[in-house]
Number of protein chains: 2
Amino acid sequence: MNISSQRPYREVLDRLRACGLRPTRQRLGLARLLFAGSDRHVTAEGLHSEAIAADVPVSLATIYNTLHQFTEVGLLREVVVDATRSYFDTHTADHHHFFNEKSGLLIDIPDADVVISQLPPTPEGTKIHRVDVIVRIVD
Amino acid sequence: MNISSQRPYREVLDRLRACGLRPTRQRLGLARLLFAGSDRHVTAEGLHSEAIAADVPVSLATIYNTLHQFTEVGLLREVVVDATRSYFDTHTADHHHFFNEKSGLLIDIPDADVVISQLPPTPEGTKIHRVDVIVRIVD
DNA sequence: GTGATTGCAAATCTTTTGCACTAAA
DNA sequence: TTTAGTGCAAAAGATTTGCAATCAC
C-alpha cells in the first residue's frame, strides 16, 4: 500500500466533504468510479452494474439517491435525451450533446463548438436556467 | 346539424385516410381534439383526461397506440424534455422549445427565432437527424 | 450515542403487451 | 367476411419510498 494509490481516495473524500456529503463507503466507491477518468455519461442501471463489477456493493436505491445527491451539489448534471432513461453527466460545465438514438450513445460537444447567435426573449417573468442543444444523429 | 359543423370531421377524416390510418371513432375523436386549434403539447395522461371530458371514450392503451401511430405518420412529433413523461407536439415542422421545469409548460419557439451559426461535424459515419434546442426557464 | 445513510422489498408511475372482442372496409 | 383496431387487465421498466438495520462522526 503506497501513498499514491491512496491519493484518489483522499481527493474524492475531500471533494465529497467539500460538498457537505458524508463520505460513506458507497458514495466514495461511486465517486471514484464516476470521477476516475475523463467525462462520463451514466445511467442508474449502468452505474449499478459497474459498481457491482468493481466490488463496490451498492443497492440500486442507493445509486438513485447518490446520483440525485451528486446532482444537487453540482458534481453531476442530468441530461434528458431519452424518455425512457435518465443519463447523468460527470461534465457539469455548460456544453451540449450528440445523441445516437439507435445506440443510446451520448457524446459531449464543448460549449465553444456550438454558437447560438440568436435566441428569442424568454416569456414574461421567466429567465433562462440553461440551454440544451441535442444533436440527434443516425448512423 | 349543419354542414359547417361537419367540416372538421371530414377534414380530419381525410387527413387520417391520407396517412393510411383507418378513421376509427377513437382516432377521429383524438385527432379532432389534437388538431382543432393551434399548436398543442400533450402528454398521454393529459390527452386521456381531455378525451374522457370531451365524451370521446378511449382507453389509455389506445391513447398510447394513437400517439405513436400519429407520430409515425408525421402528424405528431415527440418532444423529450422531461425524463418522467413524454410530450407530443402537434407542430411537426422544425422548431424549438422553452420548457418551464417547474410548471411542465412547453412553449414553441419558431425555427427562425433560433440561429445556430456553428455546430461541430458529426461523428464519423453519422449524420444529423434533427437538432433540438431546449431553453429551460425558471420563474 | 445519535442522526445520517443504506438496503431491501414493496409501492408508484408511465408505458407496453397479450388476447378476446368490436368495428371498418 | 376479413383484417385492423380497441379495451382491459396484467406485465414490464424505471424510479421512489418506508422502515429497520448500519455507519460516520
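Reminder, nothing fancy here: chain letters follow the sequence lines and each chain counts from 1.
- In terms of the ring pair (Phe, Tyr, Trp, His ring centres under 6.0 Å) criterion, A:His129 has no residue partners (sequence neighbours excluded).
- Contact check of residues 76-92 of chain B against DNA chain C (heavy atom, cut-off under 4.0 Å) returns B:Thr84, B:Arg85, B:Ser86.
- The outermost nucleotides of DNA chain D lying under 4.0 Å from heavy atoms of chain B, listed 5' to 3', are D:dT3 to D:dC8.
- Residues satisfying the salt bridge (Lys or Arg N to Asp or Glu O under 4.0 Å) test with B:Asp14, not counting sequence neighbours, are none.
- Legend: salt bridge (Lys or Arg N to Asp or Glu O under 4.0 Å) pairs involving residues 47-72 of chain B, not counting sequence neighbours, sorted by first then second residue: B:Arg40-B:Glu50.
- Using a 4.0 Å cut-off on heavy atoms, none of the residues of residues 41-49 of chain A approach DNA chain C.
- Counting side-chain heavy-atom gaps under 4.5 Å among Ile, Leu, Val, Met, Phe, Trp and Tyr, A:Val115 is found in no cluster with other residues.
- When the C1' atoms of four end pairs are superposed on the next four at each end of the helix from C:dG1-D:dC25 to C:dA25-D:dT1, using five pairs per end, the two resulting axes differ in direction by 30°, to 10°.
- Nucleotides of DNA chain C lying under 4.0 Å from heavy atoms of chain B occupy a range whose first and last members, 5' to 3', are C:dT14 to C:dA25.
- Taken residue by residue, residues 51-63 of chain B places heavy atoms nearer than 4.0 Å to DNA chain C at B:Leu60, B:Ala61.
- Within residues 14-23 of chain B, the residues that place at least one heavy atom under 4.0 Å from DNA chain C are, in residue-number order, B:Arg17, B:Arg22, B:Pro23.
- Judged as a salt bridge (Lys or Arg N to Asp or Glu O under 4.0 Å), and not counting sequence neighbours, the contacts of A:Arg77 are A:Asp94.
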